[in-house]
Amino acid sequence: MERFFKDPRTIRKFRTGPLGLNIQQLADELFHLGYTRPSIRVRIQALARFGCWLKKCRIPLQDLTLAHTKAYVDRQGTVKSGDGKLLRMLLELLSRNGLLSQPIQSPADDGGTTSIVGKFADHLRQQRGLASGTIKNHRTYVAMFLGYRFPDGAVDLS
């Protein structure tokens, strides 16, 4: 967490919130996926808001489902933060860690967001000849859009 924030009070607030150290783990995953530090900071703050919503609604972490995240995104989420995709990533992380009573299955890669973004990046590289930094930037925004538009992971471009 120290890699993203300097104020010890802010770090403590995120670590002691309802999502606890799961925020740290997801932030590290985002960093390894190539997200920038400012982008990760925005996402950490969005996760903290989601954690406060969970606490306010008295939803225990182990009972969290896709329906809860969809309800949150419909009422509180923002396109700019990519809340739909971010919360899907959180659910997958919690499921992998065995913290959910009902495991969340990752969507199949054939036609999911990850597959489409990867194919788009290949197109930009091979057909358009764009630089890797430009491709990375485009990937981020396409992934954010698809994550917002299809928060459950099933992408239907038709």
Side-chain angles (χ1 to χ4, degrees), residues 1-5 7-120 138-158:
M1 193 67 67
E2 289 78 5
R3 135 180 10 175
F4 310 112
F5 295 96
D7 186 3
R9 291 175 294 182
T10 303
I11 295 168
R12 191 175 328 108
K13 178 181 82 170
F14 291 135
R15 285 190 175 147
T16 59
L19 297 175
L21 296 177
N22 297 299
I23 290 179
Q24 173 70 51
Q25 189 177 356
L26 189 56
D28 290 339
E29 285 185 17
L30 293 171
F31 183 76
H32 292 299
L33 287 171
Y35 285 72
T36 63
R37 282 183 174 87
S39 174
I40 293 170
R41 288 172 58 103
V42 168
R43 283 162 178 75
I44 290 171
Q45 292 164 343
L47 285 171
R49 286 190 300 275
F50 178 67
C52 290
W53 181 81
L54 287 175
K55 189 175 182 179
K56 177 182 165 189
C57 294
R58 294 190 173 117
I59 301 170
L61 192 59
Q62 66 271 13
D63 294 342
L64 189 59
T65 65
L66 278 173
H68 292 117
T69 60
K70 183 164 177 22
Y72 174 80
V73 169
D74 289 345
R75 293 185 190 121
Q76 312 282 332
T78 62
V79 177
K80 186 176 180 182
S81 298
D83 286 346
K85 180 182 179 191
L86 179 66
L87 295 178
R88 176 68 187 195
M89 291 174 76
L90 174 67
L91 280 176
E92 290 171 359
L93 172 94
L94 295 172
S95 181
R96 281 192 321 263
N97 290 344
L99 298 174
L100 298 179
S101 56
Q102 297 177 358
I104 304 296
Q105 298 296 324
S106 294
D109 201 29
D110 59 346
T113 302
T114 305
S115 176
I116 291 172
V117 172
K119 288 176 185 175
F120 178 64
H138 283 18
R139 283 177 63 115
T140 301
Y141 288 105
V142 168
M144 284 173 45
F145 169 75
L146 291 174
Y148 172 75
R149 182 63 183 90
F150 307 102
D152 64 350
V155 177
D156 179 14
L157 296 177
S158 63

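Just so you know, residue 1 is the first one in the sequence shown, and it goes up from there.
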Are [X] and [Y] side-chain neighbours, meaning at least one heavy-atom pair lies under 4.5 Å?
X      : Y      : value
Val73  : Phe50  : no
Ile116 : Leu157 : yes
Leu26  : Leu94  : no
Leu99  : Leu64  : no
Leu47  : Leu87  : yes
Met89  : Leu33  : yes
Leu30  : Ile44  : no

[X] versus [Y], closest heavy-atom pair with distance:
X     : Y      : result
Thr69 : Leu66  : OG1-O, 2.7 Å
Trp53 : His68  : CH2-O, 3.6 Å
Phe5  : Ile11  : O-CD1, 3.4 Å
Cys52 : Pro18  : N-CG, 4.2 Å
Lys85 : Ala143 : NZ-CB, 3.3 Å
Met1  : Ile23  : CE-CG2, 3.8 Å

| message | Please determine whether a side-chain nitrogen of the Lys or Arg among Glu2 and Arg15 lies less than 4.0 Å from a carboxylate oxygen of the Asp or Glu. | response | yes
| field | Charged N-O contact under 4.0 Å between Glu92 and Arg88 | value | yes
| query | So, Asn22 side chain and Leu19 main chain: donor-acceptor pair closer than 3.5 Å or not? | reply |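 The answer is yes, because a donor-acceptor pair under 3.5 Å joins these two groups.
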| Would you say the side-chain atoms of His32 pair up with the backbone N or O of Glu29, donor to acceptor, closer than 3.5 Å? | no
| Does Arg3 make a cation-pi contact with Phe31, if we ask for NZ or CZ under 6.0 Å from the ring centre and within 45° of the axis? | yes
